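This report concerns only the one structure given below.
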Amino acid sequence: MPSIRSLSGFALSALGSAQSVFGLKSPVSRQVSYDVSASATCANPQLSCHNTTVVQDLCCFNSPGGSLLQTQFWDTNPVTGPTDSWTIHGLWPDNCDGTYDSNCDDSRTYTNITQILQSFGATDLLAYMNTYWASDSGTAESFWEHEWGKHGTCISTLEPSCYADYQPTEEVPDFFNRTVNLFKSLPTYEWLSEAGIVPSTSATYTSAQIQSALSKNRGGHQVYLGCTGGSTLDEVWYFFNVAGSVQTGTFEASDLVGSASTCPSTGIKYPPKSSGSTPTSTATTTGTAVPTATSTGAPFTGSGYLNVVTGGSQTGCIISGGKWYTSGTCATFQATASGDNFTLSSSKGNCAVVSGALTCASTVTSGAEFSADGGALVYDGADTFYADSVPSGSTQGTVYTDGSHATSLTIEWQAKRLGVSSARDCLFLCLPFPYIQQTFAVSNVTGFLYWWGAANTTDNQSLLFVNNTATVSVTKRLWAHAHFGSRFIRKGATRIGTTVTGDNTHSLNVTAFANTDGTTAVQVINNGNDTETVTVAGLAAPGRGQTVCTWLTNQAHNLTEGYAVAKHGSWAAEVPAKSLLSFVV
C-alpha cells in the first residue's frame, strides 16, 4: 500500500518539555560509498515533538514518528550476541503521544537487506550487524527485513522523495547505519556494570538502581525497562527527539512516552548469557576410577532426569549414553545411594567419567560416586561441567570434567514423578482440558458441551462443588472452561494453525483462535512438572500498539490476569507447571 503519510501534508506535534541534549551531536559518518549530501539538507531544523506550528517539510522534520526509540535486547535463551554486550532490536519511529504507525509502505518492504548493503559497499556495517543485530529465533536477515519493513518505512525523512537523484534502496543503508551508530553510543552493559549491576545467577536489582545507572548517562532521562517472566530484565528502550533528518540530524535524549516499564520495582533478575563456576579441582579421571566427591548436599534418589543448564536456563538434557542432547526425549537415570554419595545408571549401564568424559555404558563396571550441591550434580568437588559447544539438532555433545573446553554447564536433577499425588496434578492428569484442546486442534470440532454441572465430591470433575452444608464453591475446571469458552473465544472465531516450543515441548499443547472483532486468543497448556518458557510460532507478532494480556489458571490461580508477562513483540512467556495460560491480543 502507499505510505500512510504525505510528505506535502501537515505535521503538528504536541509541545513537549525542554529536553537535555545527548550524544551524536554531529551527523553520523557514513560507512557506505555514497554521497552524504544525497538526502535533504536541513537548515535550522526543528526538534521533533517540540513544534508549536505546522511543519510541512517532512524531509527535515520527523513526523508523525517524531519520538525515535533505539531498542536493545538481552537474550539468554538462546544466548544471542556477545556475552558482554546487549544487542540491537531496532530503531522505532513512535508518534509523540506514544502511539505508532507500522508497515507504512509495502512497495519498499525489501527482502534482500544483506544484498542491498553489499551493493552500497557497507561491508563493515554488515559485519557489525551480524554480531550485534542478531535474532534469537530466526535468521539475522529475516530480522533486519522485519525491522526495516515495520519501522524503517515509517520514518518520513527516509522517503525516496527526500533524496536528490534517488537511487533505489539507498535509504536502507541510511537506516541501518544510523541505528548501529546510535546503538554504539548507548553501551547498556558498560553503564550497568559501572553501577555494580552485573549479570548474575543469584543477585537481584531494583528498578530504581537500573534506571539511575542508565539515566545518569543521558541527562537524567529515564528509559523503558522490559522484563520477561515477570522479573527477568531483557529489554531497554532509549527515547530521542531529532532535530533534522534521521540521516544527518541531531538526536536529543527524551523521557519515555506512552510505554510503562514492565519490570517490578524490586527483585529484577539480570541473568548472565553464560554461566559456570570455577571448579575446585581440575584433575582429569580416566578409566573407571571412583573419585570421592567432597561437596555437601543430599544425594539424588530414585528415578529422574539430568537437565543441562547454561546461561541460567535449561538447554536440553543428558541422554542414556551420557551425552548432551538439546532435542528429543530425555533419558531416565537411576540414582542409588552409596554411603554419603550416590551412583548413577541409565538403560546403557553404569555412569562414570571415562577419559575425562561423562560416560554411561555396559562396559563401565563400577559407577562413579557423585554428590549434590542443592539440585546440581557434583563430581570430584565441582558442580561445573564442560563441552566444546552447545549441540544443536541431532548432534550429541560430549560432557567433560576439565575446563579446557569452551562451554560451561551445570547438570540438575529432576525427580521423575509417577501417578497423581495431589489435586494440583489432578487439574490436568484427571481432567480433560488437554483433550478438549486436542479435539479442537486435531478433530476440528466447532464446539463442545459439558454436562457435569455440580457434585458433592472434591475431585474437580464438576464445575461446581456443593458440600454437605449446601455451600457452593467453584472448581478449577470451571475457571479453565473460561479459556475455551466465550470469555476469550467469541462466536464466529476461526481456529489458526500454530505450534509451541519450550525446553520440554512434548509436555506442551497449544491452540489459537482469531475472533471476528480482530482479537486473537492463544491457549497454552503446560502438562509438565516444571515452569516452561514457551514460544508460540505461526502467528504474526503482536505490535507495540497492541496490549498483550495473559490469563493463568492452575491450582493456585483461578483466572489471574497478568501473572505471566508476554515478551514484547512475540507470543512468549513463562508458563508454570500444570497450568493453562491464555494470551489475548
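Note that the coordinates shown come from a computational prediction; the quantities given were computed from them, not determined experimentally.
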Classify the side-chain pair [X]/[Y] by whether it contains a donor and acceptor separated by less than 3.5 Å.
X: Ser142; Y: Thr139; value: yes
X: Ser215; Y: Gln222; value: no
X: Ser362; Y: Lys348; value: no
X: Trp133; Y: Glu147; value: no
X: Glu141; Y: Thr114; value: yes
X: Gln70; Y: Gln72; value: yes

Hey, does the side chain of [X] reach the backbone of [Y] with a donor-acceptor pair shorter than 3.5 angstrom?
X: Ser185; Y: Phe183; answer: no
X: Arg218; Y: Phe239; answer: yes
X: Ser346; Y: Ser320; answer: yes
X: Asn526; Y: Val575; answer: yes
X: Thr550; Y: Phe583; answer: no
X: Asp402; Y: Ser404; answer: yes
X: Ser212; Y: Ala208; answer: no

Shortest non-hydrogen contact from [X] to [Y]?
X: Trp551; Y: His483; answer: O-CE1, 3.3 Å
X: Thr262; Y: Gly226; answer: OG1-CA, 3.4 Å
X: Thr131; Y: Ala134; answer: O-CB, 4.5 Å

Taking the side chain as every heavy atom from C-beta outward, state whether [X] and [Y] have any pair of such atoms under 4.5 Å apart.
X: Val510; Y: Val522; value: yes
X: Thr206; Y: Ile268; value: no
X: Asn307; Y: Ile411; value: no
X: Val236; Y: Thr71; value: no
X: Leu233; Y: Lys269; value: no
X: Leu306; Y: Glu412; value: no
X: Trp324; Y: Leu409; value: yes
X: Glu190; Y: Thr188; value: no

Starting from the C-alpha separation in whole Å, work towards a yes-or-no answer on side-chain contact (heavy atoms from CB on, under 4.5 Å) for Leu256 and Val223. CA-CA 6 Å; Leu256 61 89; Val223 302; 5.6 Å; no
With rounding to the nearest 0.5 angstrom, report the [atom1] to [atom2] distance, [X] to [Y].
X: Met129; Y: Thr179; atom1: CE; atom2: OG1; answer: 8.5 Å
X: Leu69; Y: His151; atom1: CG; atom2: NE2; answer: 9.5 Å
X: Asp75; Y: Asp136; atom1: CG; atom2: CG; answer: 4.0 Å
X: Leu552; Y: His557; atom1: CG; atom2: NE2; answer: 5.5 Å
X: Leu377; Y: Asp383; atom1: CG; atom2: CG; answer: 9.0 Å
X: Gln209; Y: Ser265; atom1: CD; atom2: OG; answer: 11.0 Å

side-chain contact (heavy atoms from CB on, under 4.5 Å) assessment of Gln334 paired with Leu344: CA-CA 6 Å; Gln334 187 70 31; Leu344 291 171; over 6 Å; no
Checklist entry - disulfide bond (SG atoms under 2.5 Å apart): which pairs involve residues 334-366, sequence neighbours left out? => result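 Only Cys351-Cys360 qualify under disulfide bond (SG atoms under 2.5 Å apart).
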Item checked: Residue from Tyr400, Tyr386, Phe385 passing ring pair (Phe, Tyr, Trp, His ring centres under 6.0 Å) with His405 ->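 Of the listed residues Tyr400, Tyr386, Phe385, the ring pair (Phe, Tyr, Trp, His ring centres under 6.0 Å) partner of His405 is Tyr400.
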Would you give me the side-chain donor-acceptor pairs under 3.5 Å for residues 80-88, sequence neighbours excluded?
from	atom 1	to	atom 2	distance (Å)
Thr80	OG1	Pro78	O	3.2
Trp86	NE1	Tyr270	OH	3.1
Thr87	OG1	Phe73	O	3.4

- Worked verdict on Ser338 versus Thr343 for side chain to side chain donor-acceptor pair (under 3.5 Å): CA-CA 7 Å; Ser338 178; Thr343 61; 6.0 Å; no
Point to revise | Verdict with reasoning, Trp144 to Leu126, per side-chain contact (heavy atoms from CB on, under 4.5 Å) | key: CA-CA 11 Å; Trp144 303 337; Leu126 191 59; 3.6 Å; yes
- What's the verdict on ring-ring contact (aromatic ring centres under 6.0 Å, His included) for Phe370 and Tyr379, showing C-alpha distance, side-chain angles and the deciding distance? CA-CA 5 Å; Phe370 297 91; Tyr379 176 79; 5.7 Å; yes
Among Pro271, Cys263, Cys227, which residue meets the side chain to side chain contact (heavy atoms under 4.5 Å, CB included) test with Thr232?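 The single option meeting the side chain to side chain contact (heavy atoms under 4.5 Å, CB included) with Thr232 is Pro271.
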Quiz prompt | Row check, Tyr128 ring normal vs Lys184 NZ/CZ: under 6.0 Å, within 45° | solution =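 Flagged: Lys184 positioned over aromatic ring of Tyr128.
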>> Please evaluate residues Tyr305 and Thr332 with respect to the criterion side-chain contact (heavy atoms from CB on, under 4.5 Å), reporting the C-alpha separation (whole Å), side-chain torsions for both, the decisive distance (0.1 Å), and the verdict.
In response: CA-CA 5 Å; Tyr305 308 105; Thr332 298; 3.7 Å; yes
